[in-house]
Number of protein chains: 2
Amino acid sequence: MPSPSPIVNLRELRQSCADCALSQLCLPASIGGDDLERLDHVVKQRVPLERGAIVFHEGAHHPALFIVRSGSLKTYTTLPEGDVQILGFHIAGELVGLDGLAGNGFRCSAEALEHSSLCEVPFDALSAVAAKVPGLQHQLFRVMSREFGREQQHPVMMGRKQAMSRLAIFLRSLSERLQGLGHDPYQLSLSMSRQELANYLGLVIETVSRLFSRMQTLGVLKVDRRHVHILDPAALATLAEKPDED
Amino acid sequence: MPSPSPIVNLRELRQSCADCALSQLCLPASIGGDDLERLDHVVKQRVPLERGAIVFHEGAHHPALFIVRSGSLKTYTTLPEGDVQILGFHIAGELVGLDGLAGNGFRCSAEALEHSSLCEVPFDALSAVAAKVPGLQHQLFRVMSREFGREQQHPVMMGRKQAMSRLAIFLRSLSERLQGLGHDPYQLSLSMSRQELANYLGLVIETVSRLFSRMQTLGVLKVDRRHVHILDPAALATLAEKPDED
DNA sequence: CGGCCCATTGAGGTCTCTCAAGGCGTGTGG
DNA sequence: CCACACGCCTTGAGAGACCTCAATGGGCCG
């Protein structure tokens, strides 16, 4: 790793939970100053990840939570016959690794989709602190519950029989999450390939490609490679429910 | 509620976590005697539910965990346009309600598929006890993680493009869970209708019906209404990966 | 400039959905 | 006890959407 800018490194290392921009989304919300510092010692700031870097592998016994600070990840499992199923895409403020706490190792793998940074929280240490800080414990349950609810949206999307609906639902979901981070909800920079997106949606790559083209023709989107501009949110919402019935 | 058999009620009420047959699967595992009793006071034994009874409704602010003691439930969400997506079927020993802890109410509804009984654990009380009993807190995280991992299997199944694979995966999953309860893994008593199963699998009822027929013709299953006898587990496993390529 | 990867577009096939009719078991009432 | 109705499931025929296979286009990097 040939010397990245030391200034960047310093900023990464010095950043604490207290002044993290994600504190509202992350664990520390509603935790007092002293307790927050205690948590701070538990959190490892990981070196930035390059695209393709593996955060953890399926089966690894390394119970820890990971919070995406910047960039994005995908989680996926590998099926017996070798196929892959992508389980989720995760952007800043979202938790990854919840399935690795049960004592049987991770049930999926996580990989960076682009240059990303995360916080790592070893489960044992977190658990120990949580035992002493009721507020943290409560917050932790809440966050896990929130991620659980988010996870449930995946089958809802895959239950849609029309491919157009699936893509529309995905785009709306991503848009909404970006808005929660204070970004423009109508300018999407997809960090995943068409192949990865297709896999996530339960479709093949050609179908996804055709859907993007059709949405562009319909005037709903402006698509330029991985940049998607939502031109007509209302139409997108309609497509999410009923596919195109002109 | 016109007087049910008092004997039954008594048995229900007297049953404690200590002598519950599900203790290995449920929360109390690896918790000592005193602590276990403390937990016991938190757990509500609910009156048995009839088929169709609602355990909780989407949006309800009533944070609690529910453990299926006997029978089975389905969880589902209702989409804006009125369609339903079934998120899971839950049998004895499984947790329901994890998505209701985040403070925004439940994100799905839960309904009994047959005569069932459950334990209800109010979240606040559970959280309070967990704060004092580190072992329980740890176990609670583990159980939540386990359910999280289970949840992730749904999109894996729905990602399969061949309907035959989806049904085969479902049947194998159910078989495995029944085996974990000490039941015959090859005798399945489906508590859900074809309609509900089709919805869960992301298919239509006719397709599911045809799949059962075909599996029976192939000699993999013996199907009699909602009773399914797995005749050839190996063949079922093959179907779960690659659909029929005779 | 050439090779490579990713994405797009086209043509054809097939699996699942849609629409429709018919069985089967259950429960109700005569 | 039988007739009938009802819900649930099965089976059939046809249509449509997505998948498969194949070729082309367009950045990106050496």
Side-chain angles (χ1 to χ4, degrees), chain A residues 50-52 74 83-86 113-115 157-171 188-218 221-228 239 242-246, chain B residues 50-52 74 83-86 113-114 157-170 188-218 221-228 239 242-246:
Chain A
E50 294 304 325
R51 169 181 162 75
K74 67 171 173 180
D83 295 356
V84 159
Q85 176 61 52
I86 293 180
L113 289 172
E114 60 189 314
H115 186 85
M157 182 217 70
M158 293 187 97
R160 315 255 42 173
K161 289 170 189 69
Q162 305 284 345
M164 185 71 95
S165 292
R166 296 194 199 172
L167 181 56
I169 290 172
F170 167 76
L171 292 173
L188 312 183
S189 245
L190 304 183
S191 57
M192 72 294 293
S193 68
R194 294 285 191 273
Q195 178 60 62
E196 290 166 327
L197 180 52
N199 180 289
Y200 176 72
L201 299 174
L203 303 169
V204 294
I205 184 174
E206 296 95 326
T207 301
V208 172
S209 185
R210 274 184 255 267
L211 290 172
F212 273 127
S213 298
R214 189 136 57 99
M215 281 185 168
Q216 194 164 222
T217 303
L218 291 172
L221 304 178
K222 173 84 174 60
V223 183
D224 177 24
R225 320 188 107 259
R226 294 193 181 180
H227 186 85
V228 175
L239 288 179
K242 329 169 179 181
D244 56 321
E245 46 168 48
D246 308 79
Chain B
E50 293 305 325
R51 169 181 164 76
K74 67 171 174 181
D83 295 357
V84 160
Q85 177 62 52
I86 293 180
L113 288 171
E114 59 190 314
M157 182 217 71
M158 292 187 98
R160 314 256 45 175
K161 288 170 190 67
Q162 304 285 344
M164 185 70 95
S165 292
R166 296 195 199 172
L167 181 55
I169 289 172
F170 167 77
L188 312 183
S189 244
L190 305 182
S191 57
M192 72 293 292
S193 69
R194 294 284 191 273
Q195 178 61 61
E196 290 166 327
L197 181 52
N199 181 289
Y200 177 72
L201 298 174
L203 302 169
V204 294
I205 184 174
E206 297 94 325
T207 301
V208 171
S209 185
R210 275 185 256 266
L211 290 172
F212 273 126
S213 298
R214 189 135 58 99
M215 282 184 167
Q216 193 165 224
T217 304
L218 291 171
L221 305 177
K222 174 84 175 60
V223 183
D224 177 25
R225 317 187 111 261
R226 295 193 181 181
H227 186 85
V228 174
L239 288 178
K242 327 168 181 181
D244 56 321
E245 46 169 47
D246 308 80

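Residue numbers start from 1 in every chain, and the chains themselves are labelled A, B, ... in the order their sequence lines are given, proteins ahead of strands. Computation of the quantities below employed the complete heavy-atom set of this structure, encompassing side-chain atoms and omitting hydrogens, waters and symmetry-equivalent molecules.
When the P atom of D:dC18 is taken as reference, atom NZ of A:Lys161 falls 12 Å away, rounded to whole Å. One atom, CZ of B:Arg166, and another, P of C:dC17, lie 8 Å apart when rounded to the nearest Å. In this entry the distance linking CG of A:Asn199 with P of D:dC18 reads 17 Å, nearest Å. Between B:Leu203 atom CG and D:dC9 atom C1' the separation is 16 Å, expressed in whole Å. Per the geometry, CE belonging to B:Met164 stands 14 Å off P belonging to C:dC17, to the nearest Å. The CZ-C1' distance, from B:Arg160 to C:dT16, rounds to 17 Å in whole Å. Computed from coordinates, the B:Asp224 CG to D:dC9 C1' distance equals 12 Å when rounded to whole Å. Straight-line distance from the CD atom of A:Gln162 to the P atom of C:dC17: 10 Å, rounded to whole Å.
Between the CZ atom in B:Arg194 and the CZ atom in B:Arg226 there is a gap of 7.5 Å [rounded to 0.5 Å]. Between A:Leu171 atom CG and A:Leu197 atom CG the span is 7.5 Å, to the nearest 0.5 Å. In this structure, CG on A:Leu201 lies 11.5 Å from OG on A:Ser165, to the nearest 0.5 angstrom. Interatomic distance, A:Arg160 CZ to A:Leu167 CG, rounded to the nearest 0.5 Å: 13.5 Å.
Proximity of B:Met192 to B:Lys74: side-chain heavy atoms (C-beta onward) are nowhere separated by under 4.5 Å. Residues B:Arg166 and B:Leu211 fail the side-chain proximity criterion, which asks for heavy atoms closer than 4.5 Å.
Contact annotation: A:Thr207 side-chain N/O to D:dC18 OP1/OP2 distance is not under 4.0 Å.
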Per-residue pairing states of DNA chain D in dot-bracket (Watson-Crick or G-U under 3.5 Å; . unpaired, | other strand) read ||||||||||||||||||||||||||||||

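Proximity of a side-chain donor or acceptor of A:Arg51 to a complementary backbone N or O of A:His115 within less than 3.5 Å is not detected.
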Measure all distances between protein nitrogen or oxygen atoms and nitrogen or oxygen atoms of nucleotides 6-8 of chain C, and list the pairs falling under 3.5 Å.
residue: C:dA7; atom: OP1; partner: A:Arg194; partner atom: N; Å: 3.3
residue: C:dA7; atom: OP1; partner: A:Arg226; partner atom: NE; Å: 3.4
residue: C:dA7; atom: OP2; partner: A:Arg194; partner atom: N; Å: 3.2
residue: C:dT8; atom: OP1; partner: A:Arg194; partner atom: NH2; Å: 3.1
residue: C:dT8; atom: OP2; partner: A:Arg194; partner atom: NE; Å: 2.9
residue: C:dT8; atom: OP2; partner: A:Ser209; partner atom: OG; Å: 2.7
residue: C:dT8; atom: O5'; partner: A:Ser209; partner atom: OG; Å: 2.9

B:Arg214 and B:Met164: CA distance, side-chain angles, deciding distance, side-chain contact (heavy atoms from CB on, under 4.5 Å) verdict:
CA-CA 9 Å; B:Arg214 189 135 58 99; B:Met164 185 70 95; 3.7 Å; yes

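The two residues A:Gly159 and B:Gln85 have their closest heavy-atom pair at CA-OE1, 3.5 Å.
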